[in-house]
Amino acid sequence: MKILSLSGFVPEQICDTIRFTGYSAGTSISHYCGYASDYISQVLNDASFDGAVFPKSCDSSRIIKSYLGQTDKFVYQLPVPARRDEIAVNYFAGEIRAYKEAVEEHYGVDIANINIKDRIEALNKRNEEIRALYENLEEKSYSEYLRGIHKMLATPLNEQSIPHPGKTNTGGKRVYLVGSFLTSEGILDTLESSGLNVVGDNLTESGRLASITPCKTDGDIYKNISESILSARLSPTQNNFGDILERDLKEIKEKKVKGVIFLTQKYCEPYDYLYSV
Amino acid sequence: MYSVGVDVGSTYTKYCVMNNGSIEKLFCEKTPIRQKEFFENKIDELISEYPNAEVVSCGYGRGNILSVKRINELTALARGVGYVCPKYELVLDIGGQDTKIIRQENGHLKEFFVNDKCAAGSGIFLSNVLNMLGEDFDSIDVTGAKEPEIHLSSVCAVFAQSEIVEIIAKSSPESAEIINSVIWQIFKKSAPLLDKVEGDEMLLSGGLSQIKGISDFAWLALGKKVITVPDSRFFSAIGAAITVFREE
Amino acid sequence: MAQSAIKLQSSLMREYYKYFSKYAKGKSPEKKVAWVTAFTPVEILEALGILYYYPESYAAVIAASEREQPLLEKSEQCFLCRDCCSYSCCIEGSLELDDGPRGTLPMPDILIATNNQCNTLPNWWNILAERYGVPLIVIDYPGEAIPRERAYEYVSTQHRDLVARLEELSGNKLDENVLAHYIENSQESVCWWKKIAEALPNKEIKPTALFDDISYLITARCNPNTAELYKAVSEEVNALPDADKSLIPLFWLGYPLWYHPERYLSECLDGFRICGSNYITWWSLDYSGRDVYEKLFSAYNYTFLNLSQKTRTERLTKLIRDSGAVCAVTLHNKSCKCDFVSAKDIGIPQAELEIDMIDRSFLSLEKAKKQIDLLKETVCTR
């Protein structure tokens with residue numbers, strides 16, 4: 001079982017997935033963001049993967065299933081709520097359970113609650129360590145940190161190791177990054193070679209990952225997982241720009257940031273609209 | 001009875017002379033800039049060499065040939081493929097300014113998709129890079145070539161050329177490596193068109209089809225079987241010429 | 001057109017535009033105002049006495065008035081990328097400049113967005129929420145992504161939540177009988193509209209009329225005058241001569257061109273007749289169900305653009321087959337992704353054109369003409 005996942009909404013608590021971090025041999029499908037387009041290419045062309053799970057959270061991810069219709073691989077579109085409230089939490093909990101059942105059915109496995117609880121604990125520990133790293137970002141090499149996170153997410157949970165980035169030049173201009181998952185790692189080198197010191201971000205795999213609250217293990221575990229995932233700082237696909245701005249601006253002020261670098265790509269509407277605000 | 005098909009491309013003009021429906025001659029020359037005057041004289045020459053010949057034109061510059069029948073180049077392409085090698089239904093044509101994929105059945109155009117908004121997916125990209133490198137089209141040979149190590153990240157031909165200048169400055173790769181990466185990029189840009197049609201093998205037409213070893217290289221890039229046949233760049237001219245003898 | 005249809009149209013338009021700034025003369029609406037996206041369950045708002053307006057529809061009016069370009073430019077100056085949905089760019093420009101052929105929409109007290117059309121509209125509604133500082137409600141419709149039972153539970157919970165919030169806003173209590181009545185009105189409007197749309201393959205109907213007249217189904221489907229209007233129009237349509245079958249029947253796959261006087265590329269379609277369009281079927285919602293919540297769920301969760309690729313292909317193929325079309329013009333506007341995929345595997349030759357429904361500068365008429373000429377040759381030389 002080797003499932004390629006797109007997005008931090010995919011519950012790692014259920015089973016191992018390999019997070020998509022980029023694929024250069026892709027075919028670009030016009031009108032869709034490169035992220036979704038490259039993901040589709042990797043699912044179709046990379047024989048090492050036998051499954052794909054992705055959200056339905058933006059216009060590009062929404063149509064992924066249309067392009068994966070012909071494959072025999074396990075293809076699962078996770079309906080991520082477009083809102084964040086109690087209704088969404090309950091709904092998402094049901095969908096996480098359904099995802100688990102779909103994995104069991106396709107792969108002929110049994111995912112026992114005890115396994116899920118073990119994974120929850122391991123993830124809580126991992127995320128706590130990521131949080132600690134994130135809170136001291138200004139002293140670390142951002143490029144090593146983020147590359148380390150990408151590497152970590154692309155490995156099974158029990159093989160993941162927390163990045164140990166080296167020190168950075170703390171005298172550089174303090175900047176904050178806004179964007180989605182950063183697949184173009186070359187940008188990290190450009191930032192560092194320009195003498196910029198990234199002290200915070202709201203990237204999917206960094207600032208947002210670090211903000212996830214620990215998942216409880218007692219009671220309804222699917223609701224716990226749902227609450228935990230939806231507790232993270234918001235993606236613009238969750239339709240509360242006010243909340244995003246409030247949190248980002250608060251962090252920018254606290255960290256005495258001098259500049260914001262807004263990373264966006266063509267055909268990525270959520271970030272285009274966020275940028276305009 | 002003679003017919004002459006004239007395919008006026010952005011870079012080359014291709015001619016096919018038919019005698020009672022059989023190909024008598026195929027030739028090509030560079031498309032001039034002042035076309036109207038040139039073709040007026042050209043048609044006169046052809047008519048005097050082949051008396052009473054009917055001339056049919058196609059291609060982007062067909063409007064510059066006055067007083068002759070004109071057909072669309074994709075219709076001509078379908079007819080030409082139907083005449084030369086009808087068993088190949090899917091045809092990928094990478095022209096000077098655009099890329100097309102068509103399906104033909106018995107010389108009839110059944111389906112078409114065109115990408116004409118991106119120079120990075122057409123012959124002009126290769127042409128510009130060859131000029132930049134001082135290389136000749138006829139010298140290109142991709143026989144046995146693997147996926148290039150140079151991957152152009154720019155989606156735009158203009159930026160890609162700047163990128164190539166930087167690459168040369170940094171690592172001085174061989175011209176062949178750069179040319180291969182450009183051809184690879186052109187095929188990659190045409191890949192979305194392939195998603196619109198059914199079929200696991202296709203015929204390649206257009207200028208690129210003349211490159212030595214291109215069939216296997218294209219197969220590698222596109223993941224689908226790519227066939228080339230001799231004189232495939234004349235398909236549209238042949239299709240234009242055969243029009244005279246077809247009953248519609 | 002019969003007087004009664006014209007009177008009904010005028011009445012509907014007068015009612016809708018009453019509080020736009022050009023006509024309101026400073027007077028504020030007496031009821032609360034919501035701005036909604038095109039597939040919002042407006043029957044609930046109607047039942048609670050809340051006025052609702054459609055910014056997307058107004059963008060179409062702006063383009064039809066030939067005023068979209070400066071608004072698009074202004075929107076871009078205000079950092080909204082011009083590659084984004086032209087409806088949003090047009091309206092944002094209009095709001096920045098306080099400009100529009102009918103003035104500007106009345107100020108919203110609440111914003112309601114849905115994702116049963118696309119995910120971009122809720123993003124746009126977020127920037128409206130920032131602009132006006134009013135609450136934003138997003139209704140999440142899972143479509144066919146999950147089984148019906150689970151989808152119904154989620155959607156009806158959200159609908160009930162919407163009711164509660166709108167009751168608080170309006171100070172009114174929802175009477176489900178009243179809601180049922182408005183749903184019936186919508187059903188009636190849909191029923192009569194379908195009769196008109198179904199006549200397109202066989203009657204000499206100008207597509208322009210259909211593209212324009214569907215606006216009442218979008219903005220006023222609960223209004224009994226809409227059904228009356230469509231009933232009157234349906235009678236007129238039945239009396240029209242039969243369509244000229246010597247022309248090539250073509251399916252218009254995509255949005256109408258709002259900036260074009262005829263709403264489609266009539267100047268390029270010599271020899272063709274438009275016998276079908278998917279756009280004119282989008283609001284033929286299916287309100288089936290045992291009670292009001294099930295009816296609203298059926299109608300709004302299963303909008304065409306919210307269906308799976310498989311279902312969309314099946315429906316579109318059937319629509320095309322029933323229309324008798326032998327070819328299609330498929331429009332790709334600047335930003336829409338969902339509809340782009342709808343045109344896969346439709347079984348007839350198509351000319352794909354890059355045209356935007358609002359931004360007239362996006363079109364290369366020469367390229368469009370070339371593609372359509374090619375389509376004609378493909379169809380005619382078989």
Side-chain angles (χ1 to χ4, degrees), chain B residues 8 10 56 58-63 69-82 89-91 93 95 97-118 122 155 192-199 236 239-240 242-248, chain C residues 82-83 248 250-251 253-254 268 270-272 309 312-313 316-317 320 325-335 337 339-356 359 361-382:
Chain B
V8 186
S10 53
V56 179
C58 67
Y60 100 104
R62 69 183 188 267
K69 185 176 164 117
R70 295 170 203 158
I71 63 171
N72 191 290
E73 64 268 28
L74 293 192
T75 308
L77 180 62
R79 288 177 185 172
V81 172
E89 288 191 358
L90 273 188
V91 185
D93 181 84
Q97 295 188 339
D98 57 21
T99 303
K100 290 89 76 177
I101 191 147
I102 71 162
R103 177 186 304 285
Q104 66 82 26
E105 272 173 37
N106 300 318
H108 293 294
L109 183 64
K110 301 302 267 185
E111 211 177 354
F112 64 91
F113 292 98
V114 180
N115 177 6
D116 58 5
K117 60 178 178 179
C118 180
S122 67
V155 294
L193 283 179
L194 272 57
D195 287 340
K196 294 177 191 284
V197 292
E198 297 279 330
S236 294
I242 199 71
T243 298
V244 170
F245 302 102
R246 278 169 69 106
E247 281 180 23
E248 299 299 335
Chain C
R82 198 156 168 158
D83 288 340
I248 304 169
L250 174 129
F251 197 90
L253 216 169
C268 299
D270 194 33
F272 291 95
Q309 180 65 53
R312 268 183 281 143
T313 302
L316 192 53
T317 308
I320 288 170
V326 300
C327 57
V329 159
T330 305
L331 291 113
H332 296 161
N333 68 40
K334 261 196 278 188
S335 60
K337 297 174 181 49
D339 203 35
F340 192 93
V341 193
S342 295
K344 280 176 84 169
D345 309 321
I346 58 170
I348 52 175
Q350 50 183 307
E352 290 187 332
L353 306 182
E354 304 267 331
I355 306 183
D356 195 67
D359 186 355
S361 71
F362 194 61
L363 166 68
S364 162
L365 195 59
E366 195 193 311
K367 280 185 184 171
K369 195 160 193 331
K370 192 175 162 190
Q371 290 257 34
I372 293 172
D373 284 347
L374 198 54
L375 189 66
K376 198 183 219 176
E377 284 193 33
T378 307
V379 170
C380 291
T381 56
R382 288 181 167 257

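As a basis for the values below, the full set of heavy atoms in this structure was taken, side chains included, without hydrogen atoms, waters or symmetry mates. Convention: sequence-line order gives letters A, B, ...; per-chain numbering from 1.
For the atom pair B:Leu109 CG and C:Glu377 CD, the distance stands at 8.0 Å (nearest 0.5 Å). Taking CD of B:Glu111 as the reference point, atom CG of C:Leu375 lies at 11.5 Å (rounded to 0.5 Å).
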(request) List the steps, then state whether side chain to side chain contact (heavy atoms under 4.5 Å, CB included) holds for B:Thr75 with C:Leu374. (result) CA-CA 8 Å; B:Thr75 308; C:Leu374 198 54; 4.0 Å; yes
(request) Begin with the C-alpha distance, continue with both residues' side-chain angles, and end with the deciding distance and a verdict on side chain to side chain contact (heavy atoms under 4.5 Å, CB included) for B:Val114 and C:Gln371. (result) CA-CA 8 Å; B:Val114 180; C:Gln371 290 257 34; 3.8 Å; yes
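In this structure the side chain of C:Lys370 reaches within 4.5 angstrom of the side chain of B:Glu73, judged on heavy atoms. Counting heavy atoms from C-beta on, the side chains of C:Gln350 and B:Phe112 never come closer than 4.5 Å.
B:Glu105 does not touch chain C: none of its heavy atoms, backbone or side chain, sits under 4.5 Å away. For C:Ile348, no part lies under 4.5 angstrom from a heavy atom of chain B.
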